[in-house]
Amino acid sequence: MSTLEKTITLLREMPEQSLEALYDFISSVWKSQSNNVKNIEATSCDAPISKGMEGFKILQSFAGTLPADFDYKKELEEMRTEKYERFN
């Protein structure tokens with residue numbers, strides 16, 4: 001039995017509400033994949049960098065800018081205390 005036949009058999013056994021949710025999911029995956037293919041086809045090596053990629057590169061430039069003695073746990077605790085102090 002092929003994958004298609006197995007899928008059809010399973011779909012016939014599923015309740016209608018589950019089918020609607022499954023259809024929505026498959027539809028969104030299919031649209032996402034077709035958009036990705038179109039974007040890949042439209043993009044070439046010579047194309048200018050998009051605004052999104054430029055923003056991403058700016059964010060990457062901040063990586064590793066914390067001081068060597070930065071205490072993450074201490075900072076986290078201070079921020080939590082500041083944020084939730086009024087609830088205590």
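- Scanning all heavy atoms of the two residues, the minimum distance from Met1 to Lys6 falls at O-CE, 3.4 Å.
- Under a hydrophobic-cluster definition in which Ile, Leu, Val, Met, Phe, Trp and Tyr are linked whenever side-chain heavy atoms come within less than 4.5 Å, directly or via other members, Phe25 and Leu19 are assigned to the same cluster.
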What donor-acceptor contacts under 3.5 angstrom involve side-chain atoms of residues 8-16, with partners at least two apart or in another chain?
unit_1: Thr9; atom_1: OG1; unit_2: Glu5; atom_2: O; d: 2.9

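- Going from atom CZ of Arg80 over to atom CD of Glu75 covers 13.0 Å, rounded to the nearest 0.5 Å.
- Follow the hydrophobic side-chain contacts under 4.5 Å out from Ile26 and you reach Val29 in the same cluster.
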